[in-house]
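Accompanying notes for the structure given below.
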Amino acid sequence: MAFLELRRRSLSSSLIRRLRAAATAGSRPFTTCEGSRPTIVHKRSVDILHDPWFNKGTAFSMTERDRLDLRGLLPPNVITPQQQIDRFMVDLKRFQVNARDGPSDTNALAKWRILNRLHDRNETMYYKVLIDNIEEYAPIVYTPTVGLVCQNYSGLFRRPRGMFFSAEDRGEMMSMVYNWPADQVDMIVVTDGSRILGLGDLGVQGIGIAIGKLDLYVAAAGINPQRVLPVMIDVGTNNEKLLKDPLYLGLQEHRLDGEDYLSVIDEFMEAVFTSLGMLLFRYMKWFFYIFEDFQSKWAFKLLQRYRDHYRMFNDDVQGTAGVAIAGLLGAVRAQGRPMIDFPKQKIVVAGAGSAGIGVVNAARRTMARMLGNNESAFESARSQFWLVDAMGLITEERANIDSEALPFARKINEAGHQGLREGASLVEVVKKVRPDVLLGLSAVGGLFSKEVLEALKDSSSTRPAIFAMSNPTKNAECTPEEAFSIVGDHIIFASGSPFCDVNLGNGKIGHSNQGNNMYLFPGHTLENTELALVPFFPGTRVISDGMLQAAAECLAAYMNDEEVLKGIIYPSISSIRDITKEVATAVVREAVVEDLAEGYRDMDARELSRLNKEETSEYVQNNMWNPVYPTLVYRTE
């Protein structure tokens, strides 16, 4: 296909001059160095105070104030970073209620506003606060609050973050990339706003999901925030409310489709890859694209279209799948069985969109791998799933079955033998199949009704698992209270959005596990590699299914037996950085086994292959970014 070849474009003379300058200049204005080495900056005085990448506020030392012409521009007392954080936290607790704008605002959105203001002023401090309070603020910067942010983005907008490419920019995207001020880009999270969480088409306002996702990558995976780029590709919107809203910030025209749509995405992919590749050749030869919240009809197509040619990852297809697999394996452990028994699990899946199919495909591959990874193993694994969409059970009798769902359509004789038919309701399927797992990825709040949950009481498993994975909270298929009260206190419960644990009485707790994609942020190595830690996995050519499975299995094994038997199948988010290190280590080692590792920074693939597990873990740890103020040194350009 044409987009796979780097087209020779006629560049304007000004662009050519910029390319030459990039190849010969010592550095660009915003280049930074990690670690304890001083950071060279090319600005000072009020310019440095207005730059969130380098601003330290009252924490600038007196020597820095002199070097950077800041003396007299700040109060005389030098405050420690911890004092700054303490003061901010006091203000946050005091003002989060006062920041509310009225009845349409929520306390969570008020917190988001205050955190966002800090982000705009001082990135280092912002990420320090986020990392130290990740359990409390992850739901604020990402799901579920990010859904509310996206819905109200046009009204919340104060200053731009990330880049915006639109259908009107066709033919100009190559040169536009050079407007981004950073020298180095490790990860790009891109969305077209077509399917934001379970909220539908939010157009340009979907940029909030890319920003929030990268905030978690930085906090959880240790990616350098100066090396990430949130991107919105605005190809229009089919949201009639936005099309009529005079305050809407995006293109007010209907969404492109077909070849017109693909031509825009193709140009963007090539422009970023070509432009950044030419600009960054002195630093690295890789970066990751992460596709976020694309509508189902494009999610798989774009993944297949680009995955062999660019380092990319689709969070909805691969990220959700990896976290779900980890939870499914954990549920097997919670039943007192070894993970190798996973292929015996009967799984009813509600939802046949990109996330649902992504999970089923990944689960099938995991089962097949455990069964020998041959043709019969894949067929045996296929028979363990019952896929139910809005029209009911999917069988081979279904007309116009989506090609991605076709492999999981129940054979006519199979369905008949079980007393089921094409289009059978979810309640019917649960009653007849008596599944070990009821997995919800439908984006339909309350889909697991009392009747469905009552039917699950007859599960053939001694400890059935319920995964209500749809986001945001209002779209969860059921709540933990409903699940435990109806099915019983012996179940395993997990959800996509955070819920509180349930007090079952008599000192018993029903644990509500959150299957957050954050656990598999490859932030550093993987695709974030979304999985392997982009910073750690930047050194791989592709993100393979084996790498994703290694991440899921590592996460599933992170919990000890005592915790799992209590029904805790996902670890506390408060431990996310240690989890990230372990997952990244597992992914790196799998990449080495599959001969996909290319090395990273000062370590090549051969050296990487010689590391044992402990050394690999140390390597990962040393490459994680930490929010510490660097010493700043001014130098003229």
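Remember, it's a predicted structure, so these values are computed and weren't measured experimentally.
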Is the closest side-chain heavy-atom distance between [X] and [Y] below 4.5 Å?
X: N55; Y: H50; result: no
X: V129; Y: L115; result: yes
X: D389; Y: L387; result: no
X: I233; Y: V190; result: yes
X: L439; Y: V359; result: yes
X: N361; Y: F408; result: yes
X: L197; Y: V146; result: yes
X: L118; Y: R121; result: yes

Is [X] reaching over with its side chain to a backbone N or O of [Y], donor-acceptor style, under 3.5 angstrom?
X: Y570; Y: L555; answer: no
X: Q205; Y: S154; answer: yes
X: R117; Y: I114; answer: no
X: D501; Y: S512; answer: yes
X: E477; Y: S442; answer: yes
X: Q84; Y: K56; answer: yes
X: S470; Y: A443; answer: yes
X: T145; Y: P139; answer: yes
X: R255; Y: N238; answer: no

Distance in Å, [X] [atom1] paired with [Y] [atom2], rounded so as to fall on 0.5 Å steps:
X: E168; Y: L251; atom1: CD; atom2: CG; answer: 5.0 Å
X: W112; Y: Y142; atom1: CH2; atom2: OH; answer: 15.0 Å
X: E267; Y: T274; atom1: CD; atom2: OG1; answer: 10.5 Å
X: D215; Y: I223; atom1: CG; atom2: CD1; answer: 11.0 Å
X: S497; Y: N471; atom1: OG; atom2: CG; answer: 3.5 Å
X: I265; Y: M269; atom1: CD1; atom2: CE; answer: 9.0 Å

If every non-hydrogen atom of [X] is compared with every non-hydrogen atom of [Y], which pair is closest and at what distance?
X: L247; Y: D245; result: N-OD1, 2.9 Å
X: D234; Y: G250; result: OD2-CA, 3.3 Å
X: A219; Y: I134; result: CB-CD1, 4.0 Å
X: L441; Y: A355; result: CD1-O, 3.9 Å
X: F164; Y: M176; result: O-CE, 3.5 Å
X: A350; Y: L447; result: CB-CD2, 3.7 Å

With a 4.0 Å cut-off, would you call [X] and [Y] a salt bridge?
X: R195; Y: D201; value: no
X: K93; Y: E136; value: yes
X: K128; Y: D132; value: yes

Donor on one side chain, acceptor on other, [X] and [Y], under 3.5 Å:
X: D192; Y: S194; result: yes
X: D169; Y: S166; result: yes
X: Y629; Y: N122; result: yes
X: S495; Y: Q514; result: no

For this session: Report the residue from I207, L214, D120 that forms a side chain to side chain contact (heavy atoms under 4.5 Å, CB included) with R161.
Result: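 Result for side chain to side chain contact (heavy atoms under 4.5 Å, CB included) with R161: D120.
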Exercise. In this structure, which one of V141, N116, I140 forms a side chain to side chain contact (heavy atoms under 4.5 Å, CB included) with K111?
Worked result: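 That would be I140.
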Exercise. Passes side chain to side chain contact (heavy atoms under 4.5 Å, CB included), I394 versus I401? Steps please.
Worked result: CA-CA 8 Å; I394 299 176; I401 302 177; 4.3 Å; yes
For this session: Mind running side chain to side chain contact (heavy atoms under 4.5 Å, CB included) on F499 and T473 for me, showing each step along the way?
Result: CA-CA 8 Å; F499 284 97; T473 308; 3.6 Å; yes
For this session: Look at the aromatic rings of Y127 and H119 and report parallel, tilted or perpendicular, splitting at 30° and 60°.
Result: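 Y127 vs H119 ring planes: perpendicular.
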For this session: For the residue pair W298 and Y261, categorise the inter-ring angle as parallel (less than 30°), tilted (30 to 60°) or perpendicular (more than 60°).
Result: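 W298 vs Y261 ring planes: parallel.
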For this session: Decide if atom CD of E240 counts as having more than 12 heavy atoms of other residues, nucleotides or ligands within a radius under 6.0 Å.
Result: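 Check passes, neighbour count above 12.
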For this session: Carefully, step by step, assess L156 and Q151 under the rule side chain to side chain contact (heavy atoms under 4.5 Å, CB included).
Result: CA-CA 10 Å; L156 293 170; Q151 288 178 307; over 6 Å; no
Problem set entry | Full working for side chain to side chain contact (heavy atoms under 4.5 Å, CB included) between T124 and F54 | CA-CA 8 Å; T124 302; F54 301 119; over 6 Å; no
